[in-house]
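Each remark here refers to the structure printed beneath this line.
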Protein chains: 2
Amino acid sequence: MLSQSEENYLKEIYALEELASKEVSTNAIAEKMNTKASSVTDMIQKLSQKGLVVYKKYQGSKLSKKGREQAVAIVRKHRLWETFLVNKLDFLWDEVHEIAEQLEHVSSETLIDRLDAYLGHPEFDPHGDPIPKPNGDVVKMQNKCLTDMDVNHSGVLVEVKNSEKAFLKYLNKRNIAIGDHIKVTEIESFDNSMKIHIKEKELVISEEIAKNLYLNT
Amino acid sequence: MLSQSEENYLKEIYALEELASKEVSTNAIAEKMNTKASSVTDMIQKLSQKGLVVYKKYQGSKLSKKGREQAVAIVRKHRLWETFLVNKLDFLWDEVHEIAEQLEHVSSETLIDRLDAYLGHPEFDPHGDPIPKPNGDVVKMQNKCLTDMDVNHSGVLVEVKNSEKAFLKYLNKRNIAIGDHIKVTEIESFDNSMKIHIKEKELVISEEIAKNLYLNT
DNA sequence: ATATATTTTTAGACAAGTCTAAAAATATAT
DNA sequence: ATATATTTTTAGACTTGTCTAAAAATATAT
Ligand SMILES: [Mn+2]
Ligand SMILES: [Mn+2]
Ligand SMILES: [Mn+2]
Ligand SMILES: [Mn+2]
């Protein structure tokens, strides 16, 4: 039985590993979890003790097989609950993260399997992230980041790498949503901002925004 | 913001008050919560400090207005989640208590209001217990306990006062369920066991069982 | 190669929630 | 009314998860 805190650590380490695919630094974890590095060291040592994390002093940490399994299970729960909130309870995609942050810790295999069935075994959550299968398989997304695209190339927005409320609200305001067809029409080399064609309109977005948008091209 | 533990204490004190309608003893709380009396004293003092419980040393505790409001809100969440699990996810009534015990601590007003609407504003949970309204109103049940009924009297089973798995499983096995029409056909004065007519059959139940069954007569 | 800056770990403290053992208050029985 | 039993509280300890401040290791720059 893992504590809520342990679960949150595993989940964030998993997320960081997905990004960088190498050992994650103590500071990186601390930043993600809004704690101090010293707290992270304490927790990492405990998780290492429990065989969930592979840790060598000063060398960063990575999940063990067991730790990764646990992490994926939590991610599965998180994304299924988000899907439930949006598909069944009519929440907007920018309103569900914090609630799912709590729901993901409810422990009951049966519950999550039933929820999965009730939702019709969805493949992606409201932010376009793949929902892990019960056996731990996760569809490997290899979508193209908007910043890596050239002028006149286009694709469908399938994934949003930032689930912060402020960011999602920005997208809502600009009327940018998962499923939209986006075409790059201009790139400003000075600040890497870009002009895109979306829903019959032209929009200018900063590099900071583009970094978080992934397209299926 | 209340901790999970504080919420559980408030809820159990509320339940005990409903039964006895007077101050609840430290030992009674300890028994219900599966803790030691000393732990209860510690927590009671904290809750009293926070103005949620009215406490005088050695004289037992009762909920303050504020404490009762909190308790009812938690009960509302518990019973709505139980209803969701049974009505939407096809759980049996004896499988939902432990899961609701966790879900009740998820904090989001919006979530619970949406869930309520999604379920069609149910009045009773799967065990026949009334679901408190958002404003804190709770339908006062005054059903008759089976042990208070005379031979040849009958009614509809509307409430079950014990949510332990073992007890509910017993009822499942005997095919006794909320909504069943029950008639007392014989009372054995020696041990207060009774013979009842239910679903075209005769059944003998002990006083211990009868104590937990409430009928609308 | 050395000095400086950055990252990470350790040491020591604290709050929450629990426990055991002992003391204090209250209830019960003779 | 006193002795005995029961209930409740206190004292002190332990675990979990966090923090600050200081020490140790590693990285970077000259
Ligand atoms: Mn979480
Ligand atoms: Mn998501
Ligand atoms: Mn609970
Ligand atoms: Mn119930």
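Within every chain, numbering begins at 1; the chains are lettered A, B, ... in the order of the sequence lines, protein sequences first and strands thereafter.
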Checklist entry - For the pair made of CG in A/Asp42 and P in C/dC14, what is the distance, rounded to whole Å? => result 16 Å

Next on the checklist: Rounding to an integer number of Å, can you tell me how far B/Leu47 CG sits from C/dA16 P?
Outcome noted: 12 Å

Checklist entry - When you measure from the side chain of A/Met43, which nucleotide among D/dT18, C/dT10, D/dT10 comes out closest? => result D/dT18

Checklist entry - Any Lys/Arg nitrogen of A/Lys11 or A/Glu104 sitting under 4.0 Å from an Asp/Glu carboxylate oxygen of the other? => result yes

Item to check | Test: B/Lys165 and B/Asp94 ion pair at under 4.0 Å | outcome: no

Item to check | A/Tyr58, nearest nucleotide to its side chain (from D/dA25, C/dC19, D/dA21) | outcome: D/dA25

Checklist entry - Ion pair present between B/Glu208 and B/Lys211, side-chain N to carboxylate O less than 4.0 angstrom? => result yes

Checklist entry - How long is the line joining CD of A/Glu31 and P of C/dT7, in whole Å? => result 10 Å

Next on the checklist: Taking the minimum atom-to-atom distance to the side chain of A/Asn27, which one of C/dT8, D/dT10, C/dC19 wins?
Outcome noted: C/dT8

Checklist entry - Would you write out the dot-bracket form of DNA chain C, 5' to 3', with Watson-Crick and G-U pairs under 3.5 Å, [ ] for crossing pairs, | for pairs to other strands and . for unpaired bases? => result ||||||||||||||||||||||||||||||

Checklist outcome for this item: Which of D/dC19, C/dT9, C/dC19 is nearest the side chain of B/Lys36? It is C/dC19

Checklist entry - Tell me: CD of A/Gln4 to C1' of C/dA16, nearest whole Å? => result 15 Å

Item to check | Contact nearer the 5' end of DNA chain D, comparing A/Lys57 with B/Thr26 | outcome: B/Thr26

Next on the checklist: Distance criterion of 3.5 Å, no angle test: do you see the side chain of A/Ser5 paired donor-to-acceptor with the base of D/dT16?
Outcome noted: no

Next on the checklist: Once side-chain hydrogen bond (donor to acceptor under 3.5 Å, both in side chains) is applied, do any residues pair with B/Lys57, and if so which ones, sequence neighbours excluded?
Outcome noted: none

Item to check | Nucleotide of D/dT10, D/dT9, C/dT9 approaching A/Gln45 most closely (side-chain heavy atoms) | outcome: C/dT9

Checklist entry - C/dT20 base to B/Ser38 side chain: any donor-acceptor pair below 3.5 Å? => result yes

Checklist entry - Can you check the B/Tyr55 OH to D/dT7 P distance for me, whole Å? => result 16 Å

Checklist entry - Can you tell me how far OG of A/Ser64 sits from CG of A/Leu10, rounded to the nearest 0.5 angstrom? => result 8.5 Å

Item to check | Donor-acceptor under 3.5 Å (B/Gln102 side chain, A/Ser107 main chain) | outcome: yes

Item to check | Residues A/Arg76, A/Asp113: salt bridge by 4.0 Å N-O rule | outcome: yes

Next on the checklist: Can you work out whether A/Ser39 or B/Gln59 has the more 5'-proximal nearest nucleotide on DNA chain D?
Outcome noted: B/Gln59

